[in-house]
Number of protein chains: 2
Amino acid sequence: MGLQNTMKALSDPIRREILGMLKGGRLSAGEIGEHFPVSGAAVSKHLSVLKEADLIRDTREGKFIYYELNASVLEEVMLWLTGLKGEGK
Amino acid sequence: MGLQNTMKALSDPIRREILGMLKGGRLSAGEIGEHFPVSGAAVSKHLSVLKEADLIRDTREGKFIYYELNASVLEEVMLWLTGLKGEGK
DNA sequence: TCCTTATTTAACTCTTTGGTTAAATATAGA
DNA sequence: TCTATATTTAACCAAAGAGTTAAATAAGGA
């Protein structure tokens, strides 16, 4: 994956909000979709972008697919940011 | 400004690399442009996106325009990221 | 098996993005 | 003033993004 995938995934407000929602625990695709004024298909695509970036993981459970946050990937972003702020000039 | 502008600006690899270059001190548009295999016009547009997001500041000095990093804006991103990692569930 | 629900995938549209070249602007110097 | 240099802006183009609706897939239950 890498930083590029991560940053691209984080550049969309809906995707960032999805991550925020998942901070509170796992949610099904449907539960996530209810919070946004777009179609389920659109949300599904956002989820696949986040999954591609490994920012979320999914588990099928019967009829539902549950998504959960994988915050470990954010470490790389944090490192890049602190590198930019610190060790200045 | 806001997080959205910042994240959008950070989503492009050339723009991130420009910020990395500026970590070492101010550089003119031309000096920045030399490091990338794209036209000066393209670099100029990247610079204007970064400036729009207030991630860089510019100062004209004679024939040259110098750009410098404004890392303070990154604080908001850091906060958002730590919020996502910490205070979990 | 058939029907309903949950979710994704396909096909398509519209907008945004990142690049190009050419023209415009700003400044220094002969 | 004329010319050369530094940089941006304008006009354009192709590719990527994000949305839509409709069809496909997956699973549960009558």
Side-chain angles (χ1 to χ4, degrees), chain A residues 1-22 25-70 73 77, chain B residues 1-22 24-70 77:
Chain A
M1 316 316 172
L3 188 62
Q4 179 53 27
N5 264 320
T6 310
M7 295 307 285
K8 212 68 194 239
L10 295 180
S11 72
D12 183 89
I14 289 193
R15 289 196 288 267
R16 286 198 304 278
E17 197 170 332
I18 289 174
L19 296 180
M21 290 173 69
L22 293 178
R26 65 194 321 236
L27 292 170
S28 70
E31 291 171 316
I32 295 169
E34 283 170 0
H35 287 65
F36 301 98
V38 298
S39 70
V43 172
S44 182
K45 284 205 288 184
H46 283 303
L47 289 170
S48 87
V49 171
L50 289 170
K51 195 177 143 185
E52 182 73 22
D54 200 31
L55 281 159
I56 59 176
R57 304 268 171 75
D58 66 331
T59 330
R60 168 146 238 148
E61 225 153 276
K63 225 169 20 171
F64 303 89
I65 299 179
Y66 285 96
Y67 286 92
E68 65 186 322
L69 183 61
N70 175 35
V73 175
V77 183
Chain B
M1 317 313 173
L3 187 62
Q4 179 52 28
N5 264 321
T6 310
M7 295 306 286
K8 212 67 194 236
L10 294 180
S11 73
D12 182 89
I14 289 192
R15 289 196 289 267
R16 286 198 305 278
E17 198 170 331
I18 289 175
L19 296 180
M21 290 172 68
L22 293 177
R26 65 189 329 231
L27 292 170
S28 70
E31 290 172 315
I32 295 168
E34 285 171 357
H35 288 66
F36 301 98
V38 297
S39 71
V43 172
S44 182
K45 285 207 287 185
H46 282 304
L47 289 170
S48 87
V49 170
L50 288 170
K51 196 177 142 184
E52 181 73 22
D54 200 31
L55 281 160
I56 58 175
R57 303 268 171 76
D58 66 331
T59 330
R60 166 145 240 149
E61 226 153 275
K63 225 169 19 171
F64 304 88
I65 298 179
Y66 286 95
Y67 286 93
E68 65 187 321
L69 183 62
N70 174 36
V77 182

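Every chain is numbered from 1, with letters handed out A, B, ... down the list of sequences.
- Within the structure, a side-chain polar atom (N or O) of A:Arg15 is placed less than 4.0 Å from OP1 or OP2 of D:dA18.
- Rounded to a whole Å, the CG atom of A:Leu47 is 10 Å from the P atom of C:dT7.
- When the P atom of C:dT8 is taken as reference, atom CD of A:Glu52 falls 14 Å away, rounded to whole Å.
- Annotation: of the two residues near DNA chain D, B:Ser44 and A:Glu61, the 5′-most nearest-nucleotide partner is B:Ser44.
- The terminal axes of the helix from C:dT1-D:dA30 to C:dA30-D:dT1, fitted over 5 pairs per end, subtend an angle of 10° to the nearest 10°.
- OP1 and OP2 of D:dA6 both lie 4.0 Å or more from every side-chain N or O belonging to B:Tyr67.
- When rounded to the nearest whole Å, the span between CG of B:Leu50 and P of C:dG18 equals 10 Å.
- Separating the CG atom of A:Asn5 from the C1' atom of D:dG17 is a distance of 14 Å, rounded to the nearest angstrom.
- Side-chain atoms of B:Met21 and B:Glu31, non-hydrogen and from C-beta on, never get closer than 4.5 Å to each other.
- In this structure, A:Asp12 atom CG and C:dT15 atom C1' are separated by 14 Å, rounded to whole Å.
- Judged by closest nucleotide on DNA chain C, A:Phe64 is the one of A:Ala41 and A:Phe64 placed further toward the 5' end.
- Distance CG (A:Asp58) to P (C:dT9): 10 Å, rounded to an integer number of Å.
- Map B:Ala42 and A:Ser39 each onto its nearest nucleotide of DNA chain D; the residue landing nearer the 5' end is B:Ala42.
- Taken from NE2 in B:His46 to CD1 in B:Ile18, the straight-line distance is 6.5 Å, to the nearest 0.5 Å.
- Using modelled atom types, one side-chain atom of A:Asn70 and one backbone atom of A:Asp54 make a donor-acceptor pair closer than 3.5 Å.
- The separation between B:Phe36 atom CZ and D:dT7 atom P is 14 Å, rounded to whole Å.
- Remark: the backbone N or O of A:Ala29 is not paired with any side-chain donor or acceptor of A:Glu34 at under 3.5 angstrom.
- Residue A:Ser28 has a polar side-chain atom (N or O) positioned under 4.0 Å from OP1 or OP2 of C:dT7.
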Handout entry: Worked check of side chain to side chain contact (heavy atoms under 4.5 Å, CB included) between A:Leu10 and A:Leu55
Key = CA-CA 9 Å; A:Leu10 295 180; A:Leu55 281 159; 3.9 Å; yes

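- Straight-line distance from the CD1 atom of A:Ile18 to the C1' atom of D:dA18: 12 Å, rounded to whole Å.
- One finds a side-chain N or O of B:His46 lying less than 4.0 angstrom from the OP1 or OP2 phosphate oxygen of C:dG19.
- Within the 3.5 Å criterion, the main-chain N or O of B:Glu17 finds no donor-acceptor partner in the side chain of B:Arg15.
- For D:dG19, its base sits under 3.5 Å from the side chain of A:Lys45 at one donor and acceptor pair at least.
- Listed candidates were D:dA18, C:dG18, D:dA6. Nearest to the side chain of B:Lys63 is D:dA6.
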Practice task
Could you check B:Lys8 against B:Glu52 for salt bridge (charged side-chain N to carboxylate O under 4.0 Å, His left out), going step by step and ending with a plain yes or no?
Solution key: CA-CA 11 Å; B:Lys8 212 67 194 236; B:Glu52 181 73 22; over 6 Å; no

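- When distances run from any side-chain atom of B:Ile14 to the nucleotides C:dG19, D:dA27, D:dG19, the shortest one goes to C:dG19.
- Of the two residues near DNA chain C, B:Gly62 and A:Lys8, the one whose nearest nucleotide lies more 5' is A:Lys8.
- Contact record, B:Ser28 with B:Tyr66: N-CD2, 3.5 Å, taken as the closest heavy-atom pair.
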